[in-house]
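Here's the structure, in C-alpha cells; my notes come after.
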Amino acid sequence: MQFNKVTENIIKQLEAILGKANVVVDEEKMEMYSRDETSDKLWEKMPEVVIKPENAQQIAEVVKLANRELIPITPRGGGSGLAAGAVPLHGGMVLSLEKMNKILEIDKENLFMVLEPGVTTGDVQKEAKELNLFYAGDPCSAESSFIGGNVATNAGGNKAIKYGVTGRHVYGLEVVMPDGEIVVYGGKNVKDVTFYDMVHLMVGSEGTLGIITKIWLKLMPLPQYVADLLVPFPDMQSAIKVVPKIMTAGIIPTAVEFMDSLSIKAAELYLNKKLPFSDAGAYIICEVDGNTELQIQEDYETIGKLCKENGALEVFVADNISTQDRIWKSRKAYAEALRMLSPVYCMEDIVVPIANIPAALDAIEKIAAKFDCKIPSAGHAGDGNIHATILREDRDEHAWHDLKDVVLAEIYDAVYALDGNLSGEHGIGAKRISAMYKHMTEGQKKVLRTVKEAFDPNNIMNPGKVVLLGTIAES
Amino acid sequence: MKIIVLVKQVPGTDSVKLDPVTGVMVRTGKDTIINPLDENALAEAIRIKNTYPDVKITAVSMGPISAMKAIKEAIAMGADDGVLVSGREFAGSDTIATAKVIAAAIKKTGDFDMILCGERATDGETGQTAAMIAHYLGVPAQTYVSALEVLEDGVIVKRTVESGFERVQVTFPVLVSVNKDISDTGFPTLDGKLKAKKVDVPMLGNAELGFDKSELGLTGSPTRVVKIFSPKLSRDTIMVKANATMQPIDELLSFLVQKDVL
Amino acid sequence: MSMYVNCSIAEAKNLSEFKGVFILGEQRDGKIQAVTFELLTWGRGIADDLGCELACVLLGDEIENLDEVILRGADKVFFIQDPIFKNFLTQPYSNAITRLVNEEKPEVIIAGATTTGRTVMPLVAAKTNTGLTADCTELTIDPDTKLLLQTRPAIGGNIMATIKTPDTRPQMATVRPRSAKQSPVDTSRTGQIIVKNYAGATTMTVEKFLEFIIDTTQAVSIEEADVIIAGGKGMKNAAGFKLVEELADLMGAAVGATRDAVELGWSTYPHQIGLSGKTVSPKLIIAMGIAGKIQFLAGMQTSDVIVAINKDPEAQIFKVADFGIVGDVFEVVPMLIETVKKMKAKA
C-alpha cells in the first residue's frame with residue numbers, strides 16, 4: 001500500500017478545516033501520540049501530524065482530504081490500548097478525539113446517555129451513578145480510557161460475565177465513514193432490525209471502518225448492593241478449579257477475577273501495602289450485586305462456602321466502598337504493578353472456554369519453564385479471559401524479541417488447541433495481526449477483506465490494523 | 001487486657017451534601033464506611049490481640065441506629081463485641097457534647113486498659129473528640145501515634161510530630177489516637193461476617209447514661225454554627241489560553257521574573 | 001454525671017470577667033518555633049479589634065530569646081517554667097494551661113493546629129468546659145457582638161463554616177500553621193515577662209518522655225520550601241505525575257500533591273497539601289492538573305504567587321491563582337520544562 005506524505009500544503013488545509021490550534025506538528029508534543037500502553041519500541045511510530053477535531057463535520061472534511069491525498073488516518077481515544085491500535089504505523093495523521101468530550105444528553109426516561117467519544121469511561125460511570133443509574137462497562141483502565149475507544153475495541157472488563165461487553169450497551173452510533181459521509185446507525189430503540197446490524201459491525205472495528213463521533217449508550221438501574229470476596233488459595237490450580245463451580249452455583253456473579261502469585265507480589269510492591277495472604281498461590285476476586293442486602297448476603301455466603309470447601313485459605317468479604325476499593329486496587333493495579341518487575345513486557349489477552357482455564361494456565365506455566373522466563377497471569381476467570389504477560393526483565397532487545405516471538409507462538413497454539421482465541425477484549429490492533437491471520441481460515445480472511453474494501457477502498461482508515469489489504473510482509 | 005476501639009461511621013464518598021437552609025450535613029445513601037483511620041486503629045488492636053490472645057476488643061460507636069453497621073463490620077474484622085451509643089437527644093452535639101456522652105458510655109462498659117481510635121474522622125475533620133474523651137475519663141491521651149509497643153503495665157508510643165517522632169511511655173489506662181502508619185487495614189472474613197450477624201450489640205441511650213437534657217445535643221454544645229457558605233476566592237488572575245505556541249509560557253516566565261520569584 | 005463534668009455549660013459564667021487574648025506559643029529544645037510568630041500575627045489583630053492585651057503562653061524549661069515574642073507583638077509573656085515542660089506531655093501541659101486560664105481568664109485562646117496545639121487545646125477546652133474550633137483559616141471579631149468568628153473548611157472542604165462560642169469562655173480555636181505570615185520584629189515594643197512556677201499536682205503525670213527522633217526523610221519538607229510544584233488528579237497516572245517531579249527537580253523546588261494524588265499512590269503523604277495534609281505558604285506554587293477543592297486551597301492559598309495550569313477554565317484553582325494557563329498539562333508542562341532547561345543552560 002502506497003501512501004503519500006503529509007506536506008506543508010496538507011497541513012495548511014488541515015489548519016483551514018480545524019483551526020491552527022488543533023493541528024500539532026511539534027515533535028515533542030506529538031511524542032505521546034506515537035505509542036499506546038503496549039510499551040514496546042516495536043509498536044511506536046511518530047505521526048506526521050496530530051489533529052484534534054471538535055466535531056463530526058470537521059472529521060468529515062479531514063477524511064475527504066485524506067482520501068484525496070491518500071494519507072492514512074489513525075483515530076485515537078485515551079491511548080490506553082494494549083494492541084498498538086492507535087499507533088500510526090504507516091505515518092500520516094493521528095486523529096485524537098480528546099476534544100470531543102461532552103456528555104450531550106442523559107435521558108432518564110428511556111435510560112440512555114448520548115455522548116461524544118472523548119469522555120473517559122470513569123466519568124460515564126460517575127455521571128450515571130450520580131443519577132442512581134448504572135453504566136456496566138468497566139475496563140480496568142476506566143480512569144484513562146475513552147468511551148469511544150471502549151466501543152471501537154468492544155472492551156470487556158470486570159463486569160462482563162453478568163452485563164456483557166461494551167457492545168451490549170451500545171444502541172446507536174454516529175460514524176464518519178471512510179468516504180466522509182456522516183451516518184447514524186440505530187439510536188434509542190431497544191429493538192431494531194430495520195437495517196443490517198451496522199452498530200455491531202462498527203463496535204470493535206478499531207477505527208478501520210470509520211470514526212465514531214457520537215454514541216447512544218444504554219444505562220441500567222444502579223444495583224443497590226454490591227459485595228466483593230477476596231479469596232486466597234494455596235495454588236493456582238485449586239483456585240481456578242473453583243471457578244466453574246461458582247459459575248454453576250445458581251448465581252450470576254458480576255465478576256470472577258484471578259491473580260497469580262507473581263501478580264499478587266507485584267501489586268503488593270506497587271501499592272506499598274501488605275496484602276493479606278500475599279504468599280498465596282492465587283487470589284480469586286468475586287463480585288455479586290443485587291437490589292436487596294439479604295440477597296447479596298446469601299449469594300456471597302454461598303460462594304464463600306464453596307470456596308472454603310474447595311481449599312480456600314480464607315474468605316474476605318467487602319460490602320462497602322472502602323473495603324471494596326482496597327480489594328479492587330490490587331487487581332486493577334495489574335498493568336502498572338507488573339512494571340515494577342519489568343518495565344517492558346508483553347501483555348496478552350487470550351480467551352478460552354472457562355472449563356479450559358486450568359489447562360490453559362498449565363500450558364502457560366510449562367511454556368514459561370521451557371523458555372526460562374516469567375509469565376505472570378491475572379484476568380477475568382469468569383469469562384475465560386487470561387492476561388498472561390511475558391516479562392522482558394533484563395534481556396537485551398534482541399533476546400527479548402526472539403523470546404517473545406517463540407513464546408507467543410506457543411501460547412497461541414496452545415490456546416487454539418483449547419478452543420480459545422487470541423484476544424478477548426484488547427483487540428487485534430497491529431500487535432496480533434499476524435498471529436490472528438495464522439489461525440484464520442481462508443473463508444474468514446476473504447470476508448474481512450471484502451468488508452474492508454467495500455467501506456474503505458483506499459485503505460486510509462487505520463491501515464495495518466485488524467485487517468490486511470496487502471500481505472503481512474507489506475504491512 | 002481490654003481494648004476499646006472507637007469506630008465512627010462516615011459517608012463513603014466526598015459528595016456529602018449540606019442542607020443549604022439548616023447547614024446540617026445530609027447523610028443519605030448506603031455508602032457508609034468506618035472512618036478510615038478508625039479502621040487503622042482497629043487493625044492495630046487486632047495485631048495486638050494476635051500477639052496477646054487474652055486481649056478483648058470492644059468496638060464503640062456513637063451515631064444513628066444505622067451506625068450498627070459499623071460495629072458489625074468491626075466485629076466481622078476481629079473485634080469481640082460492641083456497643084452502640086444512640087439516641088435522638090444526642091443529635092447535633094459538637095465535639096465537647098459528643099465526648100461527654102462517649103466517655104460516659106465507655107465507663108458503663110467497665111474497666112479498660114486502652115482506647116484506640118483514628119486521629120480524626122473524614123467527615124468532621126476536627127480531630128479533637130479523642131482528647132476530650134480522655135479528659136472525661138481521666139486518662140492520658142496520646143495523639144498522632146504511628147507505632148505502639150505494649151509493655152507489662154502500659155505502652156510506649158511513637159508520635160509523628162512536626163519534623164520527627166516523639167517516643168513517650170505511659171501507663172494504663174490510656175487513650176491512643178493513631179495515624180495511618182500504625183497498621184495496614186484488614187478485611188472482614190466470611191466467618192467474621194456470619195458471627196457479626198448473630199451477635200447482639202447492646203445499645204446505650206440517654207435512659208442508660210442519664211444526662212441532663214441541657215448537656216446534650218445543640219443545647220449542650222458550646223459552639224454554634226453561624227453560617228455556611230461557599231468560599232469567595234479572588235485574586236486578580238491573569239488568564240492565558242494555551243495555544244500550542246511558546247507564547248503563554250513566555251508570558252508566565254516574565255510574570256514570575258517580574259514578581260521576583262524565579 | 002458530675003463525675004466527668006466540671007460544670008454544665010447551662011450554668012452561666014460571668015462572661016465579662018474574661019478579658020484579653022492568649023496565644024499558645026511552641027518551643028522545641030528551648031527554641032521558639034515559627035508557628036509562635038504566626039500566632040502573634042493572628043493574636044495581635046484580634047486583640048486590637050477587641051482593644052485588649054495580647055499574651056503569649058510558653059511552657060518550657062529554658063527558653064531562648066523570650067524578648068522576641070514581645071518585639072513581635074505580645075504585650076505579655078506567661079512563661080510556665082519547669083523541667084517537666086521541656087518536652088510536650090499532655091497531662092502537665094494541659095493542667096498548667098488550664099490553671100493559668102483559670103487564673104487569668106482570657107477571652108480568647110488561639111493555638112496552632114500543630115500536633116501539640118491539636119492535642120492540648122481539646123484537653124483545655126474540656127477542662128474549662130468551653131467550645132473549641134479546629135483548623136480555622138480565618139478568625140475575625142464580630143463588630144456588634146465582639147464574639148470571635150471562627151471560620152473553617154467543612155465537609156471534605158467543599159464549603160466553609162463560621163462558628164462562634166456565644167455562652168462560654170474562653171473562645172478557643174486552632175489555626176493552620178503557615179496560614180499567616182510571621183509577625184515582624186518591632187524593636188520599639190515593650191512588654192512584661194511573667195514566669196509561672198506550677199510545681200506540685202499540676203506537673204504530675206503518668207507519662208514519661210523518652211526521646212525525640214528527627215525524621216531525616218522529612219527533610220524534603222514542603223512546609224519550608226520557597227517553591228513548590230504540585231500535581232493532582234489531572235496528571236492522570238503515576239507516569240504523568242513524574243512531570244511534576246521533573247519540573248520540581250529542575251527548579252530546585254519541593255513536590256506537592258493533592259489528597260487524590262497521594263491516595264492514588266503517585267506521591268506520598270509527606271507531600272500532601274491541604275486540610276488533611278500540610279499547609280504551605282511558599283513564594284511560588286505551581287498547581288498542575290489540580291481542580292482546587294477548598295480542602296486543597298485551604299492548604300496553600302496564602303502562598304505569595306500561585307500559578308495554575310488546568311484544562312478546565314472553570315476550575316476553582318484559577319480563582320486563587322495569580323497566573324492561570326488554560327490548557328492540557330501534558331502540552332503545557334513539557335513546554336515549561338523545556339523553557340526552564342534552556343534558561344538554566346544560559347545561566
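By convention in this document, chain letters (A, B, ...) are assigned in the order of the sequence lines, proteins followed by strands, and residues within each chain are numbered from 1. Everything numeric in this text was worked out from a predicted model, so none of it was measured.
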Exercise for the section: Work out which heavy atom in C/G131 is nearest to a heavy atom in B/T223; give both atom names and the distance. Expected result: CA-CG2, 3.7 Å
Practice task
Pick one of side chain, backbone, both or neither for C/V307, based on which atoms fall under 4.5 Å of a heavy atom in chain B.
Solution key: side chain
Practice task
With a 4.5 Å cut-off on heavy-atom pairs, point out which of B/R120, B/Q128, B/K180, B/R159 contacts chain C the most.
Solution key: B/Q128
Problem - Student check: side-chain heavy atoms of B/M239 and C/V326 closer than 4.5 Å - result: yes
Practice task
Would you check if the side chain of B/R224 reaches a backbone N or O of C/K164 as a donor-acceptor pair within less than 3.5 Å?
Solution key: no
Handout entry: chain B contact via C/P313 - which portion, at a heavy-atom distance below 4.5 Å
Key = backbone
Practice task
Identify which of C/A113, C/A134, C/S94, C/G327 forms the greatest number of heavy-atom pairs closer than 4.5 Å to chain B.
Solution key: C/A134
Exercise for the section: May I have the step-by-step check of side chain to side chain contact (heavy atoms under 4.5 Å, CB included) for B/K259 and C/F323, ending in yes or no? Expected result: CA-CA 11 Å; B/K259 285 275 175 187; C/F323 197 100; over 6 Å; no
Exercise for the section: Can you tell which part of B/K241 gets under 4.5 Å to a heavy atom of chain C, answering side chain, backbone, both or neither? Expected result: both
Exercise for the section: May I have the step-by-step check of side chain to side chain contact (heavy atoms under 4.5 Å, CB included) for B/T143 and C/T115, ending in yes or no? Expected result: CA-CA 8 Å; B/T143 52; C/T115 54; 5.7 Å; no
Handout entry: Between OG1 on residue C/T130 and CD1 on residue B/I96, distance to nearest 0.5 Å
Key = 7.5 Å
Fill in the blank from the handout: Whatever's closer than 4.5 Å to a heavy atom in chain B on C/M251 counts as side chain
Problem - Donor on one side chain, acceptor on other, B/E162 and C/Q33, under 3.5 Å - result: no
Exercise for the section: Mark yes or no for whether B/T237, through its side chain, and C/F318, through its backbone, hold a donor-acceptor pair below 3.5 Å. Expected result: yes
Practice task
Against chain B, work out which of C/R28, C/R118, C/M335 has the most heavy-atom pairs shorter than 4.5 Å and name it.
Solution key: C/R118
Practice task
Decide yes or no on side chain to side chain contact (heavy atoms under 4.5 Å, CB included) for C/V305 and B/F255, but give the supporting numbers first.
Solution key: CA-CA 10 Å; C/V305 175; B/F255 174 81; 3.9 Å; yes
Handout entry: Top contributor to chain B contacts, counting heavy-atom pairs under 4.5 Å, from C/P177, C/A308, C/A161
Key = C/A161
Exercise for the section: Give, for atom CG of B/L252 and atom OG1 of C/T339, the distance between the pair rounded to the nearest 0.5 Å. Expected result: 9.0 Å
Problem - Residue part contacting chain B, namely of C/T90, when any heavy atom lies under 4.5 Å - result: side chain
Exercise for the section: Would you mind checking which part of B/L253 comes under 4.5 Å of any heavy atom in chain C, side chain (CB onward), backbone (N, CA, C, O), both or neither? Expected result: side chain
Completion exercise
Scanning both residues in full, the closest heavy-atom pair of B/P140 with C/V206 reads CG-CG2, 3.6 Å
Practice task
Answer yes or no: is there a side-chain heavy-atom contact under 4.5 Å between C/E207 and B/Q142?
Solution key: yes
Problem - Presence of salt bridge, C/R259 and B/E125, under 4.0 angstrom - result: yes
Handout entry: Electrostatic pair B/K158:C/E211 at N-O distance under 4.0 angstrom
Key = no
Practice task
Specify the closest pair of heavy atoms between B/K100 and C/N129, including all atoms of both residues, with the distance to one decimal.
Solution key: NZ-OD1, 3.6 Å
Exercise for the section: First locate atom OG of B/S221, then atom CD1 of C/I163, and finally report the distance between them rounded to the nearest 0.5 Å. Expected result: 11.0 Å
Exercise for the section: For chain B, find which of C/V120, C/T116, C/L123, C/T133 contributes the most heavy-atom pairs closer than 4.5 angstrom. Expected result: C/L123
Handout entry: Side chain / backbone / both / neither for C/D226 at chain B, heavy atoms under 4.5 Å
Key = neither
Problem - Side chain / backbone / both / neither for B/E251 at chain C, heavy atoms under 4.5 Å - result: both
Practice task
Go through B/V161 and C/F88 one step at a time and tell me if the side chain to side chain contact (heavy atoms under 4.5 Å, CB included) criterion holds.
Solution key: CA-CA 11 Å; B/V161 300; C/F88 175 65; over 6 Å; no
Practice task
Provide the closest heavy-atom pair for C/Q91 versus B/V139 in the form atom of the first, atom of the second, distance.
Solution key: NE2-C, 4.4 Å
Fill in the blank from the handout: So, the part of C/T151 with a heavy atom under 4.5 Å from chain B: the answer is side chain
Problem - Proximity breakdown for C/I306 and chain B, heavy-atom pairs closer than 4.5 Å - result: both
Fill in the blank from the handout: So CG of B/N243 and CD1 of C/I325: to nearest 0.5 Å the spacing works out to 10.0 Å
Exercise for the section: Please flag which part of C/D322 lies under 4.5 Å from any non-hydrogen atom of chain B: side chain, backbone, both or neither. Expected result: both
Handout entry: Top contributor to chain B contacts, counting heavy-atom pairs under 4.5 Å, from C/L132, C/T114, C/D328
Key = C/L132
Handout entry: Heavy atoms from other residues, nucleotides or ligands near CE of B/M1 exceed 12 (cutoff 6.0 Å)
Key = yes
Exercise for the section: Go through B/L256, B/V226, B/V170 and name the one with the most non-hydrogen pairs under 4.5 angstrom from chain C. Expected result: B/V226
Fill in the blank from the handout: Heavy-atom nearest pair, C/A126 first then B/H135, reads CB-CD2, 3.4 Å
Handout entry: Note, C/L210 side chain near B/V168 side chain (heavy atom, < 4.5 Å)
Key = no
Handout entry: chain B contact via C/M121 - which portion, at a heavy-atom distance below 4.5 Å
Key = neither
Exercise for the section: Heavy atoms only: give me the nearest B/G124-C/R152 pair and the separation to one decimal. Expected result: O-NH1, 3.1 Å
Exercise for the section: Check whether any side-chain heavy atom of B/E119 sits under 4.5 Å from a side-chain heavy atom of C/T119, and report yes or no. Expected result: no
